[in-house]
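So the structure is just underneath, and the comments pick up after that.
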Amino acid sequence: MGVIKSKKQFLVTDEDFLKFNKFGLPIEVFCPNQCETVAFGFLQQWDYNHAFVSGRKFERSKVVFFGK
């Protein structure tokens, strides 16, 4: 297994979501169960348990959010 370097950051806190929403930056939604990106787009809204990206609702505890 090789080492992969990434310049992406994890979006974990509400401050992270707020920053990306404020600047209109897209985010990537990655599902570790499927090992693939399930959505890429702009954050529309979020709360403690869910985030809405590209018109789809994702549970924050089940997916990983990335931003550049």
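FYI, side chains are in, hydrogens and waters are out, and symmetry mates aren't considered; it's all heavy atoms of this structure.
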Contact list for residues 10-19, test salt bridge (Lys or Arg N to Asp or Glu O under 4.0 Å), sequence neighbours left out
D14-R60
Applied to residues 35-59, the salt bridge (Lys or Arg N to Asp or Glu O under 4.0 Å) test, sequence neighbours excluded, yields E59-K62
When rounded to the nearest 0.5 angstrom, what distance separates CD in Q44 from CZ in F52?
8.5 Å
Clusters formed by hydrophobic residues whose side-chain heavy atoms approach within less than 4.5 Å: which one holds F23, and what are its other members?
L11, F17, L18, F20, L25, I27, V29, V38, L43, W46, V53, F58, V63, F65
For S54, all residues meeting side-chain hydrogen bond (donor to acceptor under 3.5 Å, both in side chains), sequence neighbours excluded:
none
